[in-house]
Each structure stands twice: as C-alpha cells, then as structure tokens.
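Proteins get letters first, then strands, A, B, ... in listed order; numbering begins at 1 in each. When reading the values below, keep in mind they use all heavy atoms of this one structure, side chains included, and skip hydrogens, waters and symmetry mates.
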Amino acid sequence: MTNDTPSLHFIHQIIEDDNRSGKHGGRVSTRFPPEPNGYLHIGHAKSICLNFGTALKYAGQCNLRFDDTNPCKEEQEYVDSIQEDVRWLGFDWGEGLYFASDYFDQLYEWAVQLIKKGKAYVCDLTADEMRDTRGTLTKPGKNSPYRDRSVEENLDLFERMKAGEFPDGARTLRAKIDMASPNFNLRDPVMYRILRAHHHRTGDKWCIYATYDWAHGQSDSIERITHSICTLEFENHRPLYDWYIQELGIYAPQQIEFARLNLTYTVMSKRKLLELVRDKHVAGWDDPRMPTISGFRRRGYTPEAIRAFCERVGVSKYSGVIDMAWLEDALREELNKRAPRALAVLRPLKVVIENYPEGKSEELDAVNNPEDPGAGTRKLPFSRELYIERDDFREDPPKQFFRLAPGREVRLRWAYFIKCTSVVKDSKTGEVTELRCTYDPATKGGNAPDGRKVKGTIHWVSIPHALEAEVRLYDHLFNQPYPEDVPEGKSFLDNLNPKSLEVVRGFLEPNLKNAAPGSRYQFERLGYFCADSKDSQTGKPVFNRSVTLADTWAKIEKKEKK
RNA sequence: UGGGGUAUAGUGUAACGGUAGCACAACUGACUCUGGAUCAGUUUGUCUAGGUUCGAAUCCUAGUACCCCAGCCA
C-alpha cells in the first residue's frame, strides 16, 4: 500500500491514540530510568533514543531518573558516566533529573499506608525459607506463617526495622497479595529488605531499602509519567505495579514494553560487561571494543550514527538480534560524508623510485573529501623513497588483482604513475623487502597526458616525511555471532576473539601530526580512524580504527579461495 | 509443566480485510584518481493445518517454535 505518512511503531501509535482520546490531556511524559551500576551500552542507547525521542516528537518531557534502590551495586562513578553518555548522545533532560532515592521517605509512608490497609506485612522468613515456600511454576506457594500478623504488630515491627533493631536480612516487608498466583510477582513480593549499606546519595540514613518493584512504579507515578516505556522482561511485573498504584490510589502511568536490543558478536548484559572489565579482558568500560556508549565514543562512533542506527532497528515486541554490520554501516554512511581523507600505510613495503632525483621532494595537491567539495585540498610531500601497503603488491598476481606487480603500472593517489621494475628480497627468508620502480614525470597529479589508463590506484607515504604512529586495529570482541550460545561447561569468554586488537606502527602523511584527540579521518582504502581521546598527545597521535571500508577485493579473493 | 509474550526474505521492519513494501546483507552490471562512494538491476518472505470471505499476513479454530518469570537484583 502506498502511503505518504511514515508508519508509526506500536508505541507511537498508542501515544497518538491517547492524544486523540485525550487520555492524558495530550501530555506526553517519559523517562529513562537506568540503575547506576554500570556504564550505559548500545542497548540503553535504543531506550534513550526511544524515550527522549518520543518526548521530542510529541513536545513532551523526558526525565533522567536513576533507579538507585540497591546500594550494594551502585556508585557515583556510574551516575556521572550515565549523564555524560546521555548528553553525548544529544539528549537533554532539562530540569528532570531525579533519583528513586529522592522518594525514599514517600515510599516509606506509602508502605505504612499499605500495612494499615492490611495489604502488607512483616515476614520473618529467611531468604531460603521464602524460596521454599514460593512454590514452583506449576505448584502454588504456601502462605507465610507471619502473613496474618495484626496491623499494630506489623506497624511496630516495620518501624523497628527502619530503626535498625534487627540484623540484615532478618525480616522483610511483603505485600499481601496471592501466594497461589500463576504470576510469581504476585506471590507476596518483598517490598523492603534490611540492608546496612552506604548509599551513594542517602548515606547511612536508611538500613531498609525498597526493592526495585516497590519503587519503580510509584517513582513513575510521582513524576506523572504518561507512558512508562520499558523492556519485555517487565511485562510480568506490570500487574504488580498496577496493584500497588491501585491500592495506593495514586496517579497511574501506563507501562508499555518493547524488545531490548541484541547485537551479534557482542554481549549486552551488564553482569557480563562488568566481568569483562573486572577480569581485564578489556582495558576498561570505555575500551573501544566494548559495546558501551563510551566504548563506541572512543572507537570513533558519532552520536549521529548511533541515533541513525537506533532509528533503523525500529521498535517492536519481537526479540531478535541485529547484525553488527548495521551499526558499522550507519557509521560508514555518516563518516563518508564528513570525514576528511588521509593517506596512511599500516603494513609498509619500501618503494624506491629509481628515476626520481635523490634528495628531491615536492608537494602535491590532494582533495580532502571527494564527497564534500567544501572540504578543500591539502599538500602531500613526495620523494624518491616511499612506503606502500604490502597488500598492494603481489609478485605473482592472481587474476583480477590490479594493483602493483613486477612490470605493472599503477597510480599513486594524487601523485604519479609508477611501474615496478624489480623486486629486492631478503636472501635468507625470500621475503620481499623493497621494490624498485620508475615513475612517469608526465603523470604528475595522477593523469597521463597520452590518455593511457591504469587500473589500480594505491595509497602511499613519503618515507622522509612520514609520521610514525601507533595505530590500533580493532575487530569484533567475540569471534562468534552469538557468543552466549555455548555448550554445557563452556562460557561466553571462550568465544573472545584473540585478534580483537592488533597494535601496529603505521606511517601517516605528516598533516596528521596535529590531529586533535577525538578527530576522525578516513585513511583511504583502509577505513575510518579516530585519534584516541585518551592516549593521543599533541604532535604524537594514536589512532583507533573505528571501522574498515567495504572491501570488494577481499570478497573476490575469499571467493577465489573456496 | 503454570503464567506472560512473540512469529512477515539471511537480518530487522512496514501493511491495520483489497497488488506483500523498505533498509541492511547477498548477487549482476555501470561509473570511478579510494576495489571506497554513487547509480541501475536481480535473488530470497507471511510458522503449520483447517475455517470465514468475492478476497486473509490481517478475522476465527487447533497446533508448532522461540523468548521471559520460581533474587531480600534491576
């Protein structure tokens, strides 16, 4: 069917229906509610784009709320990094910065209210006992022996829990719902646990902490969220959140669940990411191989590329896995238009131009970005001794290879046609160590006045002028598309890609000397590279490979081998 | 096994009873001073079985497969 209006995903359909019916008076209010127990990853980016993007689209507000109900795992460092990452992605929460811990007093009052209604009770069961009485998928649970305590006793006990009269874990406050419910979340869920832990915001004020389930829905209610967007695994919790809201008689946000993002060749669970960091499989949360926002940032990704990617994957309730190639493509698409080009040789092979005068050098004009005429040109120094890429020479060229080979002529990008006249080899290993070539002075700039064509154009760098620099070649962190799919007894760590990082000494055109940390370039014919934001120094850049260029030759060669 | 979800090309995603479309991938070819980019084109799909209907991806019935839930994690 042809339709001029772009289609809406199901969440925006719900919102537009609500706006039409006047359900929330046309108001749209969302929130992004991370727990500050780790760094944000690309899956969070999807949620951030959805929540903030929805508020933007419908002229509403999106809050940033930290669901900080578990002091054992949460830290200020994470609070800071999360704010930085959301801002970097290009979103603004305005005045809407909140913490679930801001609501601890209110939550406590509401708990007292439920006790008074006979809807919550203090339970003395240990964690083990509670598990044993919860029942199974098919068998209902058993009521706690403490379920029928009087309101007075519950009030007194709960007060004393708060006052610190009981040891950690000795008692809990539980909602009195239904131990026989087929939904486990309604089998008298725990609302408060006793926990003497220092909270990053409330310090030592509390020794009882609300569970996430008891805090989350009411936090949304306090903030008058209209559309509480969350991932699929909370679908089973919605009846519980609705029950709390209804028993309390407070404003009811509408929860809508969507499928979280999964990507090939990586893992997304915070537990696993933490494990990678803690056990030093990567250099930190912002290691360029990590699927974290900070990792992608350091890798050279742009916020625009990540947002475009999130837009492209869509929003639905189907939990699929997106091919990492989509993300890479989003980056290429953007950087192709924006990134200035540069010449860099990463695996050098020396070339001597025999008919080029010794000691001579000259400057040649090079276009900065063929996709962007406004990007201008720059000068490239040329001399008798050059480096070219080892891959661009074959002593015995396979068919379809149209780069350099003995007797063959190619174009040096922006420079001259050269012809390979002889090959110098290491007498012991037989390895090619140097190429002797001649150049055609008439082809200066890259065109032959006699109109003769050359099939290959290769990149190069003048040895005496080259800037030697560390270049980090990153590849997928895992060598399996689904690293978590492992046989019994194996771990996702067994699928780590041992070649996910290769550090190389590259030779770069001298213009790159003062590349600003974080600046991005296309190294022609190789890929997009970004000056590392941490390790680059002025005059001494370190480059990270963000993503390779599409490589048709590699594909041809692979096919030939089969 | 009880409950809650979900099934459209290799991967995602549209269609809202009326020609199954789009993006990425793959494959052809054109063009090219990046084997990049660009352009043109091709291949591949409604989980299954019944039913309703002039007409079904869409509605009904029965199956099947996959995901989530038995934390005092979120």
Next item on the list: State, with a plain yes or no, whether a side-chain heavy atom of A:F417 is found less than 4.5 Å away from one of A:R452.
Entry: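 The answer is yes; the side chains approach within 4.5 Å.
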Notebook entry, point to check: Side chains of A:E16 and A:L8: does their closest heavy-atom pair fall under 4.5 Å?
Noted result: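 Result yes, sub-4.5 Å side-chain heavy-atom pair found.
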Salt-bridge present ([X], [Y]; N to O < 4.0 Å):
X: A:D372; Y: A:K337; value: no
X: A:R307; Y: A:E311; value: no
X: A:R413; Y: A:E389; value: no
X: A:K379; Y: A:D365; value: yes
X: A:R525; Y: A:D391; value: no
X: A:K73; Y: A:E35; value: no
X: A:E362; Y: A:K444; value: yes
X: A:D440; Y: A:K419; value: no

How long is the line joining [atom1] of [X] and [atom2] of [N], in whole Å?
X: A:E509; N: B:U34; atom1: CD; atom2: P; value: 16 Å
X: A:K455; N: B:U34; atom1: NZ; atom2: C1'; value: 17 Å
X: A:D485; N: B:C67; atom1: CG; atom2: C1'; value: 13 Å
X: A:D392; N: B:G36; atom1: CG; atom2: P; value: 14 Å
X: A:E389; N: B:U34; atom1: CD; atom2: C1'; value: 13 Å

Next item on the list: Give the B/S/- string for nucleotides 6-13 of chain B, one per nucleotide from 5' to 3', where a protein heavy atom under 4.0 Å of the base yields B, of only the sugar-phosphate yields S, and otherwise -.
Entry: S----BBS
Using the salt bridge (Lys or Arg N to Asp or Glu O under 4.0 Å) criterion, which residues pair with [X]? Sequence neighbours excluded.
X: A:E129; answer: none
X: A:D220; answer: A:R31, A:R65
X: A:E77; answer: none
X: A:R171; answer: A:D124

Atom pairs under 3.5 Å: protein N/O with N/O of nucleotides 1-3 of chain B:
unit_1	atom_1	unit_2	atom_2	d
B:G2	N9	A:L137	O	3.3
B:G2	N2	A:P182	O	3.3
B:G2	N3	A:L137	O	3.4
B:G3	N2	A:N236	OD1	3.3
B:G3	N2	A:N236	ND2	3.1

Checklist line | Which residue lies more 5' along RNA chain B, comparing A:F10 with A:D329 via nearest heavy atoms | finding: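 Counting from the 5' end, the first nearest nucleotide belongs to A:F10.
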Checklist line | Residue whose closest nucleotide on RNA chain B lies nearer the 5' end, A:G446 versus A:L549 | finding: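 Of the two residues, A:G446 wins.
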Margin query: Just to be sure I follow the notation: if a pair is Watson-Crick (purine N1 to pyrimidine N3 plus N6-O4 or O6-N4) or a G-U wobble (N1-O2 and O6-N3), each under 3.5 Å, what dot-bracket string does RNA chain B give, with | for pairs to another strand?
Written below: .((((((..((((....[..)))).(((((.......)))))....(((((..]....))))))))))).....
On a whole-Å scale, what distance lies between the [atom1] atoms belonging to [N] and [M]?
N: B:C22; M: B:G29; atom1: P; value: 23 Å
N: B:A7; M: B:A14; atom1: C1'; value: 15 Å
N: B:U6; M: B:C59; atom1: P; value: 12 Å
N: B:G5; M: B:U43; atom1: P; value: 40 Å
N: B:G21; M: B:A30; atom1: C1'; value: 26 Å
N: B:C47; M: B:C67; atom1: C1'; value: 15 Å
N: B:U61; M: B:U52; atom1: C1'; value: 11 Å
N: B:U53; M: B:C39; atom1: C1'; value: 45 Å

Item checked: Step-by-step salt bridge (charged side-chain N to carboxylate O under 4.0 Å, His left out) determination, A:K399 to A:E560 -> CA-CA 9 Å; A:K399 57 174 185 287; A:E560 291 296 322; 3.8 Å; yes
Item checked: Under 3.5 Å donor-acceptor, A:E409 side chain and A:I418 backbone ->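 No, A:E409 side chain to A:I418 backbone: no donor-acceptor pair under 3.5 Å.
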Item checked: Minimum-distance pair of heavy atoms, taken over all atoms of A:S546 and A:G300 ->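 Nearest pair, atom of A:S546 first, then A:G300: OG-CA, 3.5 Å.
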Have a look at [X] and say if it touches a base, only the backbone sugar-phosphate, or nothing, with a 4.0 Å heavy-atom cut-off.
X: A:I556; result: base
X: A:E257; result: nothing
X: A:F401; result: base
X: A:F402; result: base

Check: Restricting to pairs with a member in residues 317-326 of chain A, which pass side chain to side chain donor-acceptor pair (under 3.5 Å), not counting sequence neighbours?
Finding: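 As it turns out, the side chain to side chain donor-acceptor pair (under 3.5 Å) pairs with a partner in residues 317-326 of chain A, which skip direct neighbours, are A:E235-A:K317.
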Enumerate all atom pairs, one protein N or O and one N or O from nucleotides 72-74 of chain B, separated by less than 3.5 Å.
unit_1	atom_1	unit_2	atom_2	d
B:C72	OP1	A:R134	NH2	3.2
B:C72	OP2	A:R134	NH1	3.2
B:C72	N3	A:G169	O	3.4
B:C72	N4	A:L125	O	2.8
B:C72	N4	A:A127	N	3.2
B:C72	N4	A:G169	O	3.2
B:C73	OP2	A:R193	NE	3.1
B:C73	OP2	A:R193	NH2	2.9
B:C73	O3'	A:R193	NH2	3.4
B:C73	O2'	A:N70	ND2	3.0
B:C73	O2'	A:K73	NZ	3.4
B:A74	OP1	A:T69	OG1	2.7
B:A74	OP1	A:R193	NH1	3.3
B:A74	OP1	A:R193	NH2	2.9
B:A74	OP2	A:Y212	N	2.8
B:A74	N6	A:H237	NE2	3.2

Next item on the list: Check side chain to side chain donor-acceptor pair (under 3.5 Å) between A:D178 and all other residues, then give those that pass, not counting sequence neighbours.
Entry: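 Partners of A:D178 by the side chain to side chain donor-acceptor pair (under 3.5 Å) criterion come out as none, since no residue qualifies.
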Next item on the list: Kindly label the base of B:G71 as syn or anti, based on whether its glycosidic torsion lies within 90° of 0.
Entry: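 The base of B:G71 is oriented syn (glycosidic angle within 90° of 0).
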What's touching nucleotides 37-41 of chain B from the protein side, N or O pairs under 3.5 Å?
unit_1	atom_1	unit_2	atom_2	d
B:A37	O2'	A:N336	ND2	3.0
B:A37	O2'	A:E371	OE1	3.3
B:A37	O2'	A:E371	OE2	3.2

Below 3.5 Å is the cut-off: list the nitrogen or oxygen pairs between protein and nucleotides 26-30 of chain B, distance only.
unit_1	atom_1	unit_2	atom_2	d
B:A26	OP1	A:K555	NZ	2.9
B:U28	OP1	A:K559	NZ	3.2

Note to self: Counting distance alone, no hydrogens or angles: does the base of B:G4 have a donor or acceptor under 3.5 Å from a partner atom on the side chain of A:R238?
What the structure shows: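 Donor-acceptor pair under 3.5 Å: no.
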Next item on the list: Tell me, with the steps shown, if A:L327 and A:L263 meet side-chain contact (heavy atoms from CB on, under 4.5 Å).
Entry: CA-CA 9 Å; A:L327 224 201; A:L263 264 188; 4.1 Å; yes
